[in-house]
**Q** 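If you scroll down you'll find the structure; I have some questions about it.
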Amino acid sequence: MLLDEVAVSFPVYQAGSRSLKKRALFHGSGGRIGRDAHQRIIVEALRGVSLSLKRGDRLALIGPNGAGKTTLLRVIAGIYEPERGVVRTRGRISPMFDVSLGIDAELSGYDNIRIRGLLLGLSPRAIEQHLPDIAEFTELGGYLDMPVRTYSAGMILRLGFAVATCFEPEILLMDEWILAGDAHFLSRAELRIKRFVGHASVLVLSSHNLDICRRWCTKALWLDQGQVRAFGPVDEVIADYSRSASS
């Protein structure tokens with residue numbers, strides 16, 4: 001995977017430049033505020049971001065809120081198109097931004113498994129092959145035949161998590177680490193997520209939990225106001241980031 005001088009900005013409408021800048025400075029907003037060629041106010045979410053990852057790399061995206069971490073994940077996933085720069089990826093992108101994405105409360109658990117699987121890019125045949133494993137892992141039993149509106153929030157999370165982790169990813173993108181359900185289910189989920197992440201060719205994880213970053217990642221990219229402050233071995237970059245945050 002290669003990113004070369006990637007830039008992304010968002011226009012801000014119906015906002016005066018002076019009041020906008022005051023609010024952004026006061027709240028520590030990420031991204032630089034400027035104007036584009038049409039004199040529209042814009043927030044530069046990413047500015048000249050470059051990096052290269054190879055098979056086996058596990059990258060942590062770190063930085064304060066608004067630094068551009070989620071924007072970068074969405075650029076890699078193809079959700080946002082950069083206005084400048086190049087993004088090259090090889091392999092299927094598996095974005096894990098919301099494990100409950102696509103769940104319809106009026107449909108049964110089984111129907112939702114099939115819909116969620118399609119959203120993840122699985123074929124109908126592959127979904128049917130995974131169905132017994134998913135159903136067993138959720139421990140929802142007969143509830144899978146019932147509308148999801150009858151589920152508790154924890155049951156919905158189990159359903160989404162089981163589907164999201166049923167396949168072998170290639171390029172895995174995660175916006176915060178996945179946690180699911182009560183203590184009993186969490187212990188089972190931890191084993192499943194270890195296997196799931198271990199099968200990925202490349203992992204890109206955005207997280208504020210630096211311990212998780214150290215545990216799962218080999219490299220780190222420190223973003224600050226849309227720019228790269230540091231890129232390298234995870235322990236070194238986290239140490240630099242921690243010193244900066246405490247100073």
Side-chain angles (χ1 to χ4, degrees), residues 1-12 29-34 36-37 42-98 101 120-121 164 168-178 196-210 212-242 244-245:
M1 182 170 67
L2 173 70
L3 278 71
D4 184 26
E5 292 294 318
V6 170
V8 174
S9 62
F10 302 105
V12 180
S29 175
R32 186 175 64 181
I33 298 172
D36 64 9
I42 60 171
V43 174
E44 296 175 308
L46 295 177
R47 294 183 280 157
V49 174
S50 298
L51 65 95
S52 177
L53 298 176
K54 63 183 185 302
R55 184 179 182 86
D57 282 343
R58 270 79 176 113
L59 177 69
L61 301 181
I62 63 174
N65 288 327
K69 303 185 297 296
T70 298
T71 300
L72 181 55
L73 283 176
R74 290 177 177 174
V75 167
I76 297 172
I79 298 171
Y80 293 159
E81 183 176 350
E83 58 185 296
R84 294 189 304 277
V86 175
V87 179
R88 293 196 183 100
T89 59
R90 180 177 297 174
R92 186 176 69 177
I93 305 290
S94 301
M96 299 286 291
F97 301 155
D98 184 354
L101 178 67
L120 289 170
E168 293 190 7
E170 293 178 332
I171 299 175
L172 177 59
L173 310 179
M174 296 178 68
D175 198 353
E176 288 299 345
W177 195 249
I178 298 176
F196 179 67
V197 172
H199 287 158
S201 297
V202 173
L203 168 68
V204 183
L205 167 66
S206 170
S207 181
H208 290 287
N209 189 321
L210 300 182
I212 284 179
C213 291
R214 290 189 187 95
R215 179 180 175 188
W216 289 100
C217 298
T218 57
K219 298 180 178 180
L221 181 76
W222 172 13
L223 285 172
D224 186 19
Q225 293 189 336
Q227 289 186 304
V228 176
R229 286 282 298 272
F231 174 53
V234 64
D235 289 333
E236 294 179 13
V237 175
I238 286 178
D240 290 342
Y241 174 65
S242 298
S244 174

**Q** Roughly how far, to the nearest 0.5 Å, is the CG atom of L172 from the NE2 atom of H199?
**A**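 Those atoms lie 12.0 Å apart.
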**Q** Might you point out which heavy atoms bring W222 and S244 nearest each other, and give the distance in Å?
**A**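 Closest approach of W222 to S244: CH2-CB, 3.5 Å.
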**Q** Less than 4.5 Å apart, side chain to side chain, heavy atoms only: is that true for V75 and V49?
**A**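 The answer is no; the side chains never approach within 4.5 Å.
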**Q** When you measure from the side chain of E44 to the backbone N and O of G226, does any donor-acceptor pair fall under 3.5 Å?
**A**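 No, the answer is negative, given that no donor and acceptor are paired below the 3.5 Å cut-off.
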**Q** State, yes or no, whether a side-chain contact exists between L59 and L203 at a heavy-atom distance under 4.5 Å.
**A**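 L59 does not reach L203 side chain to side chain.
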**Q** On a heavy-atom basis, which atom in V6 and which in P82 lie closest, and how many Å separate them?
**A**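 Nearest heavy atoms, V6 then P82: CG1-CB, 3.7 Å.
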**Q** If you take all heavy atoms of V202 and K54, which pair is closest and at what distance?
**A**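 Closest heavy-atom pair between V202 and K54: CG2-O, 3.6 Å.
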**Q** Given the rule in the side-chain contact (heavy atoms from CB on, under 4.5 Å) test, do W177 and N209 qualify, once you have shown the distances and angles that lead to the verdict?
**A** CA-CA 9 Å; W177 195 249; N209 189 321; over 6 Å; no
**Q** Using only atom types and a distance under 3.5 Å, with no angle test, would you say the side chain of R47 pairs donor to acceptor with the backbone of Q225?
**A**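 Side chain of R47 to backbone of Q225, a donor-acceptor pair under 3.5 Å: yes, one is there.
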**Q** Counting N and O atoms only, with roles assigned by atom type, does the side chain of D240 sit under 3.5 Å from a partner on the main chain of V237, one being a donor and the other an acceptor?
**A**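 Checking the backbone N and O of V237 against the side chain of D240, no donor-acceptor pair under 3.5 Å is found.
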**Q** Do S201 side-chain atoms and I171 backbone N/O form a donor-acceptor pair below 3.5 Å?
**A**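 Flag not set: sc S201 to bb I171 has no pair under 3.5 Å.
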**Q** Out of L221, L173, V8, which one pairs with L72 under the side-chain contact (heavy atoms from CB on, under 4.5 Å) rule?
**A**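 The passing option is L221.
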**Q** Can you sort out the partners of R84 under side-chain hydrogen bond (donor to acceptor under 3.5 Å, both in side chains), two or more places apart, ordered by chain and number?
**A**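 Here no residue qualifies.
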**Q** List the atom of A45, the atom of F10, and the distance in Å for their closest heavy-atom pair.
**A**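 In terms of heavy atoms, the two residues are closest at CB-CE1, 3.5 Å.
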**Q** Using modelled atom types only, decide if a donor and an acceptor are shared between the side chain of T218 and the backbone of R58 within a distance under 3.5 Å.
**A**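 Pair found, side chain donor or acceptor close to backbone of R58.
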**Q** What do you reckon, is CZ of R92 surrounded by more than 12 foreign heavy atoms closer than 6.0 Å?
**A**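 Atom CZ in R92 is crowded, with more than 12 foreign heavy atoms closer than 6.0 Å.
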**Q** Going by heavy atoms in the side chains, are H208 and N65 under 4.5 Å from each other?
**A**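 Of all side-chain heavy-atom pairs linking N65 with H208, at least one is under 4.5 Å.
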**Q** Closest heavy-atom contact between S52 and F231?
**A**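 Heavy atoms of S52 and F231 come nearest at O-CZ, 4.1 Å.
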**Q** In terms of heavy-atom contacts, does CZ of R55 have more than 12 from other residues, nucleotides or ligands at under 6.0 Å?
**A**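 Not more than 12 within 6.0 Å, no.
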**Q** Does V204 reach the side chain of M1, with side-chain heavy atoms less than 4.5 Å apart?
**A**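 Yes, side chains in contact.
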**Q** Kindly give the heavy-atom pair with the smallest separation between S207 and E176, and that separation in Å.
**A**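 The pair with the smallest heavy-atom distance is OG-OE1, 3.0 Å.
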**Q** What distance do M174 atom CE and S206 atom OG have between them, rounded to the nearest 0.5 Å?
**A**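 If we round to the nearest 0.5 Å, M174:CE and S206:OG are 10.5 Å apart.
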**Q** Please assess Y80 against L46 for the test side-chain contact (heavy atoms from CB on, under 4.5 Å), listing each intermediate value before the final yes or no.
**A** CA-CA 11 Å; Y80 293 159; L46 295 177; over 6 Å; no
**Q** Could you check if a side-chain atom of R214 sits within less than 4.5 angstrom of a side-chain atom of D235, using non-hydrogen atoms only?
**A**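 Yes. Closest side-chain heavy atoms under 4.5 Å.
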**Q** Are the side chain of K69 and the backbone of G63 linked by a donor-acceptor contact shorter than 3.5 Å?
**A**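 Yes; at least one donor-acceptor contact below 3.5 Å.
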**Q** Holding to ring-ring contact (aromatic ring centres under 6.0 Å, His included), I want the full list of residues that pass it with F97, two or more places apart in sequence or in another chain.
**A**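 Result, ring-ring contact (aromatic ring centres under 6.0 Å, His included) vs F97: none returned.
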**Q** Between S242 and I238 (side chain of the first, backbone of the second, donor and acceptor by atom type, cut-off under 3.5 Å), is there such a pair?
**A**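 Judged by distance alone, yes, a pair lies under 3.5 Å.
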**Q** Rounded to the nearest 0.5 Å, how far does CD1 of I76 lie from CG of L61?
**A**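 CD1 of I76 is found 6.5 Å from CG of L61.
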**Q** How long is the span from the CZ atom in R215 to the CG atom in L205, to the nearest 0.5 Å?
**A**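 Between R215 CZ and L205 CG, I get 12.0 Å after rounding to 0.5 Å.
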**Q** Once you round to the nearest 0.5 Å, how far does OG of S50 lie from CG of L2?
**A**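 Answer rounded to 0.5 Å: 7.5 Å.
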**Q** Could you tell me the separation between the CZ atom of R229 and the CD1 atom of I62, rounded to the nearest 0.5 Å?
**A**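 R229 atom CZ to I62 atom CD1 measures 10.5 Å (nearest 0.5 Å).
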